[in-house]
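Structure, as structure tokens:
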Amino acid sequence: MKRRNTIQKELILNAVKRLHSHATAEEVYAEIQKEYPSIGKATVYRNLKLLSEDGQIKRIEFPCESERFDDTCSDHYHIKCEKCGKIFDVDMDLVSGLTDKIKDKHGFTFNSYQIVFKGICPNCQ
């Protein structure tokens, strides 16, 4: 089912693209509120979910942290700075056939995976 485009959805998509920083929902909300203070937090959260479900942005999940939203939708790896917490894209080809190389002994069918590297970014070194 094709979802309709709304002004709010467009504002949120543009904010994610403008931030281009693997922003949290709170950061997206704060960015939009600068120009549109009447936008509701629930509207931002709901539309981020819809945009990620529709493939217009990528939702990145980290254990014990807020999910983040990426304007680069193609599959790619990330690296997280252990000092400042910023997330960066890793510029490398994906390992081909990775799920085929991992044989699950518990009967799972793989839908997706995320690999996140950790290190210290140049600004924090």
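- By the side chain to side chain contact (heavy atoms under 4.5 Å, CB included) test, Phe62 is found to be paired with Ile60, Glu65, Arg68, Ile87, Val116, residues two or more places apart in sequence or in another chain being considered.
- With sequence neighbours left out, Glu26 forms a salt bridge (Lys or Arg N to Asp or Glu O under 4.0 Å) with Lys41.
- Closest heavy-atom contact between Leu13 and Leu51: N-CD1, 3.9 Å.
- A 4.5 Å side-chain heavy-atom check between Asp70 and Asp89 finds at least one atom pair inside the cut-off.
- In this structure, Lys49 NZ and Ile12 CD1 are separated by 13.5 Å, a value rounded to the nearest 0.5 Å.
- Separation of atoms SG (Cys124) and CD (Glu82) is listed at 10.5 Å; rounding is to 0.5 Å.
- Inter-residue side-chain proximity for Val95 and Ile115 is flagged as unmet; no heavy-atom pair is nearer than 4.5 Å.
- Hydrophobic clustering (side-chain heavy atoms under 4.5 Å, transitive across Ile, Leu, Val, Met, Phe, Trp, Tyr) groups Ile39 together with Ile57.
- The distance from the CD atom of Glu53 to the CG atom of Asn47 is 10.5 Å, given to the nearest 0.5 Å.
- Shown here for Ala15 and Ile32, the closest heavy-atom pair between the two residues is CB-CG1, 3.7 Å.
- Applying the salt bridge (Lys or Arg N to Asp or Glu O under 4.0 Å) criterion to Lys34, with sequence neighbours excluded, gives Glu31.
- Sorted pairs that involve residues 83-108 and meet ring-ring contact (aromatic ring centres under 6.0 Å, His included), not counting sequence neighbours, are lacking altogether.
- Between Asp75 and Lys58 there is a salt bridge, with a side-chain nitrogen of the basic residue lying less than 4.0 Å from a carboxylate oxygen of the acidic one.
- For residues 10-42, the pairs satisfying ring-ring contact (aromatic ring centres under 6.0 Å, His included) are His22-His78, with sequence neighbours left out.
- The salt bridge (Lys or Arg N to Asp or Glu O under 4.0 Å) search around Glu35 returns none, not counting sequence neighbours.
- Annotation: the span from Leu50 atom CG to Tyr45 atom OH amounts to 15.0 Å, rounded to 0.5 Å.
- Closest of all the heavy-atom pairs between Cys121 and Cys81 is N-SG, 3.3 Å.
- Not one N or O on the side chain of Asp54 forms a donor-acceptor pair closer than 3.5 Å with the backbone of Gln56.
- Side-chain contact check for Leu19 versus Phe69: every heavy-atom pair is 4.5 Å or farther apart.
- Note on Arg59 versus Glu67: salt bridge recorded, some NZ/NE/NH1/NH2 to OD/OE distance being below 4.0 Å.
- Within the 4.5 Å cutoff, no side-chain heavy atoms of Val90 are placed close to those of His76.
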